[in-house]
J.: 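This is the structure I want to talk about, given as structure tokens.
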Amino acid sequence: MNFLIDECLHTSLVEVATARGHTGTHVTWRGWSGVQDWNLMAPILEEDFVFVTNNARDFRRLHGDVELHAGLVILIPNVPPPRQRQLFDAALDELDLDADLINQSLELDFDGDEIVLERHDLPEGR
């Protein structure tokens with residue numbers, strides 16, 4: 001999979017992806033820091049990125065408004081980089097089991113020390 005990590009998340013998530021055999025880049029490295037969320041959608045769609053973000057509200061809506069996208073990974077809590085890496089690693093474990101994230105979001109959160117995963121269709125009714 002080809003991941004684009006949002007600027008609200010640490011750049012080390014790219015290393016997590018590549019260590020697991022995926023490709024990835026960071027919004028900052030592409031020169032897109034500060035770009036409005038809706039303006040990020042064009043490169044996300046054009047380059048078939050699975051977008052990884054902490055900004056659930058905006059990107060659920062934006063991904064839900066398009067007919068076809070590669071997928072969305074949402075790390076719900078605002079946590080330090082080591083915890084972000086832990087959540088993203090769990091997302092990759094899930095994607096190793098079922099790599100089809102097309103038109104879906106995979107949302108990860110903590111419940112105490114446990115990681116909780118939820119999948120949703122975006123747009124709904126896929």
J.: With sequence neighbours left out, what residues match E118 under salt bridge (Lys or Arg N to Asp or Glu O under 4.0 Å)?
T.: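 Residues passing salt bridge (Lys or Arg N to Asp or Glu O under 4.0 Å) with E118: none at all.
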J.: In Å and rounded to the nearest 0.5 Å, what is the CG to CZ distance from L92 to R20?
T.: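 Answer for the CG-CZ pair, L92 versus R20, is 5.0 Å.
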J.: Tell me which pairs pass ring pair (Phe, Tyr, Trp, His ring centres under 6.0 Å) where either residue lies in residues 82-112, with sequence neighbours left out.
T.: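 Sorted pair list: F3-F88.
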J.: What are the two closest non-hydrogen atoms of E47 and N2, and how far apart are they?
T.: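 Where E47 meets N2 most closely, the heavy atoms are O-ND2, 3.3 Å.
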J.: Quick one: closest heavy-atom pair of I115 and A90, and the distance?
T.: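 Where I115 meets A90 most closely, the heavy atoms are CD1-CB, 3.8 Å.
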J.: Once rounded to the nearest 0.5 Å, what's the spacing between atom CD1 of I5 and atom CD of E15?
T.: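 Reported value, rounded in 0.5 Å steps: 11.0 Å.
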J.: Have S12 and R85 got a donor and an acceptor in their side chains that come within less than 3.5 Å?
T.: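 S12 vs R85: donor-acceptor pair found between side chains.
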J.: Treat each ILVMFWY residue as a node, draw an edge where side-chain heavy atoms are under 4.5 Å apart, and state whether V35 and L4 are in one component.
T.: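 Result: yes, single cluster for both.
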J.: Nearest heavy-atom pair of E7 and T28: which atoms, and what distance?
T.: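 Result for this residue pair: CB-OG1, 4.1 Å.
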J.: I'd like to know if the side chain of H69 reaches the main chain of L122, judged simply by a donor and an acceptor atom lying under 3.5 Å from each other, with no hydrogens or angles considered.
T.: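 Pair found, side chain donor or acceptor close to backbone of L122.
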J.: Checking D58 against W38 for the side chain to side chain contact (heavy atoms under 4.5 Å, CB included) test, could you report, in this order, the C-alpha distance in whole Å, the side-chain angles of both residues, the deciding distance, and whether it holds?
T.: CA-CA 9 Å; D58 288 344; W38 58 86; over 6 Å; no
J.: Do W29 and T11 pass the side chain to side chain contact (heavy atoms under 4.5 Å, CB included) test, and can you show the C-alpha distance, the side-chain angles, and the key distance before you say yes or no?
T.: CA-CA 9 Å; W29 298 347; T11 57; 3.6 Å; yes
J.: So does P77 get a backbone contact from the side chain of N54, meaning a donor-acceptor N/O pair under 3.5 Å?
T.: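 Pair found, side chain donor or acceptor close to backbone of P77.
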J.: Quick check for you: to the nearest 0.5 Å, what is the distance between T18 atom OG1 and L13 atom CG?
T.: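 Reported value, rounded in 0.5 Å steps: 10.5 Å.
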J.: Where do L106 and L95 land on the side chain to side chain contact (heavy atoms under 4.5 Å, CB included) test, with the steps shown first?
T.: CA-CA 9 Å; L106 177 61; L95 294 173; 4.2 Å; yes
J.: Flag the pair I74 / F59 as yes when at least one side-chain heavy-atom distance between them is below 4.5 Å, and no otherwise.
T.: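 Contact flag for I74/F59 side chains = no.
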J.: Over all heavy atoms of both residues, which pair between G64 and P123 is shortest? Give the atoms and the distance, please.
T.: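 Shortest heavy-atom contact: O-CB, 3.3 Å.
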J.: Kindly compute the distance separating CG (L108) from CZ (R119), expressed to the nearest 0.5 Å.
T.: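 Separation between the atoms: 10.0 Å.
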J.: Indicate the atoms forming the closest heavy-atom contact of D48 with A70, along with that distance.
T.: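 For D48 versus A70, the nearest heavy atoms are O-CB, 3.7 Å.
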J.: Which heavy atom of H26 sits nearest to which heavy atom of L9, and what is that distance?
T.: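 Closest approach of H26 to L9: NE2-O, 2.8 Å.
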J.: Would you confirm whether Q84, through its side chain, and H10, through its main-chain N or O, come within 3.5 Å as a donor-acceptor pair?
T.: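 Yes, the answer is positive, given that a donor and an acceptor are paired below the 3.5 Å cut-off.
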J.: With a 4.5 Å cut-off on side-chain heavy atoms, are L101 and M1 touching?
T.: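 Yes - at least one pair of side-chain heavy atoms lies under 4.5 Å apart.
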J.: To the nearest 0.5 angstrom, please state how far the CG atom of L72 sits from the CD1 atom of I44.
T.: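 Between atom CG of L72 and atom CD1 of I44 there are 8.0 Å.
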J.: In terms of side-chain geometry, is the basic nitrogen of E107 or R60 positioned less than 4.0 Å from the acidic oxygen of its partner?
T.: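 Answer for the salt bridge query: yes.
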J.: Which value, rounded to the nearest 0.5 Å, describes the distance between L40 atom CG and D6 atom CG?
T.: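 Reported value, rounded in 0.5 Å steps: 6.5 Å.
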J.: Please report the C-alpha distance between T53 and V73 in whole Å, then the side-chain angles of each, then the deciding distance to 0.1 Å, and finally whether the side chain to side chain contact (heavy atoms under 4.5 Å, CB included) criterion is met.
T.: CA-CA 6 Å; T53 187; V73 174; over 6 Å; no
J.: Do N55 and D37 have a side chain donor and acceptor closer than 3.5 Å?
T.: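 Indeed, the side chains of N55 and D37 share at least one donor-acceptor pair under 3.5 Å.
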J.: Does atom CG (D111) have a neighbourhood of more than 12 heavy atoms from anything else shown, all under 6.0 Å?
T.: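 Not more than 12 within 6.0 Å, no.
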